[in-house]
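Within every chain, numbering begins at 1; the chains are lettered A, B, ... in the order of the sequence lines, protein sequences first and strands thereafter.
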Amino acid sequence: GAVVSQHPSWVICKSGTSVKIECRSLDFQATTMFWYRQFPKQSLMLMATSNEGSKATYEQGVEKDKFLINHASLTLSTLTVTSAHPEDSSFYICSARAAVLTTYEQYFGPGTRLTVT
Amino acid sequence: QKEVEQNSGPLSVPEGAIASLNCTYSDRVSQSFFWYRQYSGKSPELIMSIYSNGDKEDGRFTAQLNKASQYVSLLIRDSQPSDSATYLCAVRGSNYKLTFGKGTLLTVNP
């Protein structure tokens, strides 16, 4: 149980285009989903927290107009990188927190590797 | 600014030895602590969670927490080459947010 999927697993896009990444909780309802970014040889940095049906909360320094987050249902959150640039190339990972509190509160998706050319 | 500090390593141990990974955190009110394993190119995988002072054992893994010293560690007994990965320490703060350390790269040599 507690499986989180992400789609796509990797994507290459041209500079200036937008890319949408989906995060789904497959067998549980996710009250909250978190979006992280990880650059090579660095740790995970939280970008934003999204709660179903409400606006996402962005961490300091993260442009909310560039990284659009939608959490329309208890099993789906999307991250759209708008007008992507090469510096946005990174490993994007989502995690989901179950609606019912458990010991393992956050379940991570497999990640999406974005390369902007 | 909440911080989580780890030795970046690399930490190299021979197969069968005990690997010891350490982590300190700055937020004194933190209550929940996690160790994740991350293989290259993959997302983190939860290894251990610990919430109370003392030791918590799960198979070859033992997490140790000392809230007074703001210190949490992970011991891996009988290390295997498949344990070679980056180990991330994470501390849960308000609103269930996790703050991660930079990770310690562990290499287990056959």
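The most heavy-atom pairs under 4.5 Å with chain B, out of A:T49, A:T57, A:L44, A:N51, come from A:L44.
A donor-acceptor pair is defined here as one N or O able to donate and one able to accept, closer than 3.5 Å; such a pair exists between the side chain of A:S43 and the backbone of B:G101. With hydrogens and angles disregarded, a donor-acceptor distance shorter than 3.5 Å links the side chain of B:S43 to the backbone of A:G109.
Residues of residues 9-21 of chain B lying under 4.5 angstrom from chain A, judged on non-hydrogen atoms, do not exist.
Only the side chain of A:E59 comes within contact range of chain B, with heavy atoms under 4.5 Å apart. In this structure, no portion of B:L105 lies under 4.5 Å from any heavy atom of chain A. Contacts between B:Q38 and chain A at a heavy-atom distance below 4.5 Å involve the side chain alone, from C-beta outward.
Linking ILVMFWY side-chain heavy atoms closer than 4.5 Å, directly or via other members, places A:L76 and A:I21 in two distinct hydrophobic clusters. Hydrophobic clustering (side-chain heavy atoms under 4.5 Å, transitive across Ile, Leu, Val, Met, Phe, Trp, Tyr) groups A:I69 together with A:V11. Hydrophobic cluster membership is shared by B:V4 and B:M48, with clusters built from Ile, Leu, Val, Met, Phe, Trp and Tyr side chains linked at under 4.5 angstrom. Under a hydrophobic clustering in which Ile, Leu, Val, Met, Phe, Trp and Tyr are joined whenever their side-chain heavy atoms come within less than 4.5 Å, directly or via other members, A:Y36 and A:F67 fall into different clusters. Residue B:I76 is grouped with residue B:L65 when hydrophobic side chains (ILVMFWY) are merged at heavy-atom distances under 4.5 angstrom, including chains of intermediate members.
To the nearest 0.5 Å, atoms CG (B:L88) and CD (A:Q38) are separated by 7.0 Å. A distance of 11.0 Å separates OG in B:S32 from CD in A:Q106, rounded to the nearest 0.5 Å. In this structure, the separation between CZ on B:R92 and CZ on A:R97 is 7.5 Å, given to the nearest 0.5 Å.
Applying the 6.0 Å contact sphere to NZ of B:K102 captures no more than 12 heavy atoms from other residues, nucleotides or ligands. Counting non-hydrogen atoms of other residues, nucleotides and ligands closer than 6.0 Å to NZ of B:K42 gives a total of 12 or fewer.
Residue pairs meeting the disulfide bond (SG atoms under 2.5 Å apart) criterion with at least one partner in residues 25-80 of chain A, sequence neighbours excluded, do not occur; the list is empty.
Ring to ring, B:Y96 and A:F34 are not that close: their centroids are 6.0 angstrom or more apart.
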